[in-house]
Structure formats: structure tokens, C-alpha cells
2 protein chains.
Amino acid sequence: MMEILRGELRERELPFTQQREAIARVLFESTRHLSADDVEAALLDRGQQIGKATVYRSLALLVELGLATEHDFDEGFRRYQMKVGAAQYDHMICTVCGGVTQFRQEELEAVLSVVLQEAGFEPLTRQIKIFGTCHDCT
Amino acid sequence: MMEILRGELRERELPFTQQREAIARVLFESTRHLSADDVEAALLDRGQQIGKATVYRSLALLVELGLATEHDFDEGFRRYQMKVGAAQYDHMICTVCGGVTQFRQEELEAVLSVVLQEAGFEPLTRQIKIFGTCHDCT
DNA sequence: CTGCCTGCAAATGCTTTGCATCTCG
DNA sequence: CGAGATGCAAAGCATTTGCAGGCAG
């Protein structure tokens, strides 16, 4: 993982700094979607203090490098998550408990590609968010 | 349309004010997604000056009443649109020209409902946003 | 009348930016 | 050494809130 980051950075002749490594590691070691604050707190937990501006800048960079994804669950701030493989997930957000469940449905891809093809639209990223009540909160 | 708004408000014993009417009208007469600023400007165009706080409060109310929908196209602010019928639209957002194209695919509903059913998730609203390059900007 | 609304301005809270300093390569 | 990164604090912006005065019912 760190190797991939290192590679992407080298490719663009950008320095592989301690901060970038630490931020990517925090993100990578969590399965949840983290906010900039979450990342900052996690860093403090492990004794690393990194300025918030740097956290924001690094998160944006990771997204730009295609190594992380950015999500907006209507909380007033954004969350980030490392992309593991190529797969992208869609989300169900419970408006009661705030829980986020990821899902993936192959058939969805097929149906969507039909629409895109018809419109001559070249997809880059997509976000599918379904708000509602989860199983436990029903 | 105004009748519906009037009815929803009465039902909750909330006053049907000039401002609420004007804001709903602006939204209703536009086919596009409007930001709070857009609404404020449109109101000024027709000689009505309404405080921005009221615009925000009314838009939130319309969403709560189920008469309007809120969208976030990653521009740093939100946009609103009146719900015409029951139908909800999904969107393709061109990252080059910023254009938003609405679409609707019946098969999507079917595929999604399978996922939701499996998870025991009760949907309330959903947002499908596909970012990419539109036909004209290719 | 009474409660909810409106407007203004001030406050919020996330995110971005300017700038001096430091680090990677 | 030099380009780019970092940190801090200040700035930016969309959105929210407090409060005095107004309007709908």
C-alpha cells in the first residue's frame, strides 16, 4: 500500500513525506470513512501531531492520486476512505443511527452503463447514496 | 402547486407567508436546480427582496414538507428543486462544463430494491450522482 | 392576541490560503 | 541546494442562530 503511494508520488515527482505516509496509513488501517478531524485525532492517538491544513491537503492529494475516495453523507463535512482495489462501493445511510453500510451490486453496473451509453456520457466517478432506516433501527 | 403548499402548511398549522409563497414559486417556475443565491437573485429580479436567512429557512422547510429536493453537486453549496410528481431523478454531472443531466431508468429501481430488501433497509430518499464528461465536452 | 416568521447581523464550522520555515531528493 | 511541503493563523464561504419587531390566523 505504502509502496503504491510511494510509486504514485515518484511518478509525479512529489515528495513522499512523513505526514503523507502517516495520513495514508491512518486511512488505510481504518475500515470506516474518516473525517479530517477523525484523521487528526487518530494521528494524535499514535503520538503524531500534524496540522489540520496538512491533513486536508494530503487527503485531497490522495483523492487526486486515485488512492482514496471522498464522501459526503450530509453531515456538514466530508469523509474519506482508502480505495483498496478498483472496486467502488455504494452506500446506504441510516438517518436514525447514522450508520453507513456499503454494498455492491453487479447488475447495477450493467443497468447504469446503458444509461451512460445512451447519453454519450463518459463516467469518472459515481456516488450512490440511499438514505433511510437500517434494519436495526426499524 | 401553491394549493399543495398551502395545504401542507395548514396541516401543520404553519403560516402561509408571502415569503414562502414567493420562494416556492421561484423554485417551481425553474426547471433547473437553484442555489440559495440563485433564489435570492431571482426574487430580486421580480422586485422582491427577501433575507437570505429566510431563503435558507424556507428551502429547508420545503424539503421537510417533501415538496422539494436538496442536491449537492460538490460545488461547495447546495441546490434545490421542486418535486413535480412523485418521480425522483438521478444525475450525471459533467466535471468539464458543470452541466447536470437528469435521467431515470426503471430497471434501476428493480435492481436497487433487491439490495435494499436483502439488507432490510427502508429507503427514504436516494441520490445517484455520476461525475464524468458529457457528450458535448468529450 | 399569540405564536410563528422575518431580517439583520453576528456567529459557526468546515475548508482554504498566505507566508515564513523546513524537508525530501 | 531548490522545489515543494508543512504549520500556524487568518481568511473564506455557505449556512445557522439570536433577537427585536411583524404578520398570519
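Here is how names work: the chains are called A, B, and so on, in the same order as the sequence lines, proteins then strands, and each is numbered from 1. Since the structure is predicted, the reported quantities are computational estimates derived from the model, not experimental observations.
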Nearest-0.5 Å distance, CG of residue B:Leu34 to CE of residue B:Met82: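 Going from the CG atom of B:Leu34 to the CE atom of B:Met82 covers 11.0 Å.
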Quick test of your reading: applying ring-ring contact (aromatic ring centres under 6.0 Å, His included), list the pairs with at least one residue in residues 116-138 of chain B, sequence neighbours left out, ordered by first then second residue.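 Those involving residues 116-138 of chain B do not exist here.
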Pairs flagged by ring-ring contact (aromatic ring centres under 6.0 Å, His included) wherever residues 53-82 of chain A is involved - sequence neighbours left out: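 Every pair satisfying ring-ring contact (aromatic ring centres under 6.0 Å, His included) with a residue in residues 53-82 of chain A: A:His33-A:His71, A:His33-A:Phe73, A:His71-A:Phe73, A:His71-A:His91, A:Phe73-A:His91.
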Sidechain-backbone polar pair: A:Ser58 side chain, A:Thr54 backbone, donor-acceptor under 3.5 Å: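 Checked: pair present.
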Any donor-acceptor N/O pair, A:Arg20 side chain to A:Leu61 backbone, under 3.5 Å: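 The answer is no, because no donor-acceptor pair under 3.5 Å joins these two groups.
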For A:Phe16, what residues pass the ring pair (Phe, Tyr, Trp, His ring centres under 6.0 Å) criterion, not counting sequence neighbours?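 Partners of A:Phe16 under the ring pair (Phe, Tyr, Trp, His ring centres under 6.0 Å) test: none.
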Starting at atom [atom1] of [X], determine the distance to atom [atom2] of [N], rounded to an integer number of angstrom.
X: B:Arg20; N: D:dA24; atom1: CZ; atom2: P; result: 12 Å
X: B:Gln18; N: D:dA24; atom1: CD; atom2: C1'; result: 10 Å
X: B:Gln19; N: C:dC8; atom1: CD; atom2: P; result: 11 Å
X: B:Leu44; N: C:dG7; atom1: CG; atom2: C1'; result: 14 Å
X: B:Leu14; N: D:dC23; atom1: CG; atom2: C1'; result: 14 Å
X: B:Arg12; N: D:dG25; atom1: CZ; atom2: C1'; result: 18 Å
X: A:Gln48; N: D:dA5; atom1: CD; atom2: P; result: 19 Å
X: B:Phe16; N: C:dG3; atom1: CZ; atom2: C1'; result: 19 Å

Measure from the side chain of B:Gln49, starting at C-beta and using heavy atoms only, and say which of D:dT6, C:dC4, C:dC8 lies closest.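 Of the options given, the side chain of B:Gln49 lies nearest C:dC8.
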Please determine whether the number of non-hydrogen atoms from other residues, nucleotides or ligands lying under 6.0 Å from atom CD of A:Glu64 exceeds 12.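 Not more than 12 within 6.0 Å, no.
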If we fit an axis to the first five pairs and another to the last five of the helix from C:dC1-D:dG25 to C:dG25-D:dC1, what angle do they make, to the nearest 10°?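 Taking the rotation axis at each end, their angle is 40°.
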A correct 5'-to-3' footprint of nucleotides 12-18 of chain D, with B, S and - meaning base, sugar-phosphate only and no protein heavy atom under 4.0 Å, is --SBBBB
4.5 Å side-chain heavy-atom contact, A:Arg46 and A:Glu29: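 Answer yes - side chains close enough.
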Co-members of A:Val96 in a cluster of I, L, V, M, F, W and Y side chains, linked at under 4.5 Å: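 Same cluster as A:Val96: nobody, lone residue.
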State whether B:Thr54 places a side-chain N or O below 4.0 Å from either non-bridging phosphate oxygen (OP1 or OP2) of C:dG7.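 For B:Thr54, the contact criterion (side-chain N or O under 4.0 Å from OP1 or OP2 of C:dG7) is met.
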